[in-house]
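Quick one: structure below, then a few questions.
All values below come from the heavy atoms of this structure, side chains included, with hydrogens, waters and symmetry mates left out.
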Amino acid sequence: MKILVANIGSTSFKFRLFDMSDPRELARGGAEGVGTKRARAYYQVPGGAEWSEPAAEIRDHADALERCLELLTSGEPPVLSGVTELTGVGFKAVVARGLTGVHRVTKRVIRAMEAYADVAPAHNPPYAAAMRTLRKRFPELPLVAAFETGFHETIPPANRLYAVPRAWADKLGIRRNGFHGASHRYIAERLRELVGRDDARVISCHLGGSSSLCAIRGGQSVANSFGFSPQSGLPHNDRVGDFDPYALIALKQATGKSFRKLLRAMASHGGLEGLSGMSHDLRDIEAAAAAGDANAQLAIDLLVTSARHYLGAYLVELAGADAIAFTGGIGENAPRIRQAVCRELAWCGIELDPERNETARGEARVSSDSSRIAVWVLPANEELVVARQTAELLATP
């Protein structure tokens, strides 16, 4: 059973191909600059060098998938004899109105995603458009949407509901949805193996372009820092994070801008970019902070403070923890952020080993031998999670 997992951005298409009989990764690649004159396709097999070429004819995501399938069937070495060798394509979908979990992509599923285009403006429109085109171009190829919200269906009502009229939740679905489901699910499964306990209490810290913390007990999500939309929770690279909606009224009165324009600015020019005034890339912000830029340092401080806020809340929620994991682009590659999040927490059993933390590469324990709570750096294999979910659904009669 061979499953292709697709990760779609507004102008990008990334894929990983898995043979689920092992399971193992057969190839990875994608396309950048989709729909632009600077389009490029790239391809790599495990242990091999990445190969790439200009590809000006990639007009949309269906073209990108078609080109990637050509690479898979004619690359060096080829890993597919043709599209018919694929069992299906899995998508790490985000959110849809009235749907969660794992579903075959149908017109109904796409319409449910399009209904929440304004809730997840960076994710839903490109995914829905790509799915529509792919269903038309490859009608024989099963497509599966694995929604990030699915992992968080186990969150109890006290951690999930807002203090609003109950009918808003029951009839309209207004609640804390939780996101980064594939990442937190992988961390839950991997730490359960590393800790050696099925009832492990885990706090997963996904810090990256978007960030969230998740409290996990016995492999199940019990709290997540995201709210109804992916714009909430911690500050993200260019998304605001938690924000009082009534402040929008004051902004509208002061600027004369419409609510739609203000929301668009919060979703694309907020977060670390808005605070630093310079970049949404933490590497640029850390460099500027080291050079004395006060706004850059403030952006870092706010991210760390927000992460510590949820970390403390989840230690209370779980009555302690057996393990904490840092994942995501920042969580895996920014030792100073990990150190700042865990500073002065020896009193509750969290102690980093400075050398381990500084030199960690890939999967590594970064806590000291005396730390009561194990702290890990764990690269999350989100695509493998989606491949498993896709394979399970397609194997169901």
Considering all heavy atoms, the nearest Met113-Ala128 contact
CE-N, 4.3 Å

Please walk me through it: do Glu351 and Ser367 pass side-chain hydrogen bond (donor to acceptor under 3.5 Å, both in side chains)?
CA-CA 6 Å; Glu351 246 182 302; Ser367 52; over 6 Å; no

Nearest atoms (heavy-atom pairs only) where Phe91 meets Ile8:
CE2-CD1, 3.7 Å

For the residue pair Phe179 and Val94, establish whether any side-chain heavy-atom pair is separated by less than 4.5 Å.
yes

Linking I/L/V/M/F/W/Y whenever their side-chain heavy atoms sit closer than 4.5 Å, directly or via other members, would Ile324 and Tyr314 fall into one cluster?
yes

Under the criterion side-chain contact (heavy atoms from CB on, under 4.5 Å), I'd like the reasoning laid out for Lys14 against Glu32: C-alpha separation, chi angles, the key distance, then a yes or no.
CA-CA 8 Å; Lys14 299 177 184 178; Glu32 296 175 346; 5.9 Å; no

Looking at Glu153 and Arg160, does any basic side-chain N land under 4.0 Å from a carboxylate oxygen?
yes

Provide the closest heavy-atom pair for Gly178 versus Asn224 in the form atom of the first, atom of the second, distance.
CA-OD1, 3.3 Å

Is it the case that the side chain of His103 and the backbone of Thr100 share a donor-acceptor pair, with hydrogens and angles ignored and the cut-off at 3.5 Å?
yes

Examine the side chains of Glu332 and Thr327 and answer whether a donor and an acceptor come within less than 3.5 Å of each other.
yes

Check whether any side-chain heavy atom of Asp238 lies under 4.5 Å from a side-chain heavy atom of His269, and answer yes or no.
no

Could you report the tightest heavy-atom contact between Ala200 and Val195, atom names first, then the distance?
CB-CG1, 4.2 Å

Let me see the working for Arg137 and Asp60 under salt bridge (charged side-chain N to carboxylate O under 4.0 Å, His left out), right down to the final yes or no.
CA-CA 11 Å; Arg137 188 85 61 91; Asp60 54 34; 3.8 Å; yes

Report yes or no: do Tyr186 and Val377 belong to one cluster of Ile/Leu/Val/Met/Phe/Trp/Tyr joined by side chain heavy-atom distances under 4.5 Å?
no

Given the side-chain rings of His123 and Tyr116, with only the six-membered ring counted for Trp, is the space between their centroids under 6.0 Å?
no

Candidate pair Tyr43 and Glu70, rule side-chain contact (heavy atoms from CB on, under 4.5 Å), full reasoning:
CA-CA 10 Å; Tyr43 171 77; Glu70 289 176 10; over 6 Å; no

Test side-chain hydrogen bond (donor to acceptor under 3.5 Å, both in side chains) on Asn357 and Arg336 and set out the steps.
CA-CA 9 Å; Asn357 183 51; Arg336 282 174 287 185; over 6 Å; no

Do Asp353 and Arg365 sit within salt-bridge range, that is, some charged N less than 4.0 Å from a carboxylate O?
no

Are Asp301 and Gln297 close enough that a side-chain donor and a side-chain acceptor fall under 3.5 Å?
yes

Ion pair Glu189/Arg388, N-O distance below 4.0 Å
yes

Is Arg197 paired with Asp322 through a side-chain N to carboxylate O contact shorter than 4.0 Å?
yes

Is there a donor-acceptor contact under 3.5 Å from the side chain of Asn159 to the main chain of Ile155?
no

ring-ring contact (aromatic ring centres under 6.0 Å, His included) test vs Phe226 passes for just one of His184, His152, His236, namely His236

Derivation and outcome, side-chain hydrogen bond (donor to acceptor under 3.5 Å, both in side chains), residues Glu85 and Ser81:
CA-CA 7 Å; Glu85 197 177 347; Ser81 60; 2.9 Å; yes

Apart from Val386 itself, what residues make up its hydrophobic cluster when side-chain heavy atoms of I, L, V, M, F, W and Y under 4.5 Å apart count as a link, directly or indirectly?
Met1, Ile3, Val5, Phe18, Met20, Val102, Val144, Leu384, Leu393, Leu394

Leu272 side chain near Asp281 side chain, heavy-atom distance below 4.5 Å
no

How long is the span from the OG atom in Ser212 to the CG atom in Leu207, to the nearest 0.5 Å?
8.5 Å

Please examine the side chains of Glu25 and Leu17, heavy atoms only from C-beta on, and report whether any two atoms are closer than 4.5 Å.
no

Lys/Arg N to Asp/Glu carboxylate O, Asp369 vs Arg356, below 4.0 Å
yes

SB check Arg283 Glu286 (cutoff 4.0 Å):
no

With His206, which residues qualify under ring-ring contact (aromatic ring centres under 6.0 Å, His included), at least two apart?
His180

Using 0.5 Å steps for rounding, measure from the CG atom of Leu302 to the OG atom of Ser276.
11.5 Å

Same apolar cluster: Ile330 and Ile300, side chain cutoff 4.5 Å
yes

Under 4.5 Å between side-chain heavy atoms, counting indirect links through other Ile/Leu/Val/Met/Phe/Trp/Tyr residues: same cluster for Trp347 and Ile350 or not?
yes

Taking the side chain as every heavy atom from C-beta outward, state whether Met266 and Phe243 have any atom pair closer than 4.5 Å.
yes

Could you tell me whether the side chains of Ser225 and His309 share a donor-acceptor contact shorter than 3.5 Å?
no

Should Leu172 and Leu161 be regarded as members of a common hydrophobic cluster, given that ILVMFWY residues are connected when their side-chain heavy atoms come within less than 4.5 Å of each other, either directly or indirectly?
no

State whether Asp19 and Lys2 are salt-bridged, where the test is any N-O pair (Lys NZ or Arg NE/NH1/NH2 against Asp/Glu carboxylate O) under 4.0 Å.
no

Point-to-point distance, once rounded to the nearest 0.5 Å, from CG of Asn237 to CG of Leu282
10.5 Å

Validation row: Asn7, Glu382 side chains within 4.5 angstrom (heavy atoms)
no

Close side-chain approach of His61 and Tyr127, heavy atoms under 4.5 Å:
no

Start with the C-alpha gap between Leu315 and Ile203, add the side-chain angles, then the distance that decides, and say whether side-chain contact (heavy atoms from CB on, under 4.5 Å) holds.
CA-CA 8 Å; Leu315 285 169; Ile203 300 175; 3.8 Å; yes

Heavy-atom donor-acceptor pair, Gln44 side chain to Gly48 backbone, under 3.5 Å:
yes

How close do Phe326 and Gly331 get, counting heavy atoms only, and between which atoms?
CB-O, 3.4 Å

Electrostatic pair Glu114:Arg108 at N-O distance under 4.0 angstrom
no

Could you tell me if the side chain of Leu141 sits less than 4.5 Å from the side chain of Val83, heavy atoms only?
yes

With side-chain contact (heavy atoms from CB on, under 4.5 Å) as the criterion, how do Val222 and Thr154 come out once you've worked through the C-alpha distance, each side chain's angles and the decisive distance to 0.1 Å?
CA-CA 6 Å; Val222 297; Thr154 54; 5.7 Å; no

Can you name the closest pair of heavy atoms from Ala299 and Ile285 and give their distance?
CB-CG2, 4.3 Å

May I ask you to decide whether Arg260 forms a salt bridge with Asp118, counting only side-chain N to carboxylate O separations under 4.0 Å?
yes

Output yes when a side-chain donor or acceptor of Arg16 lies under 3.5 Å from a complementary backbone atom of Leu26, and no otherwise.
no

Salt-bridged, Lys92 to Glu383, with N to O below 4.0 Å?
no

Flag, side chain of Arg201 to backbone of Ala319, donor-acceptor distance under 3.5 Å:
yes

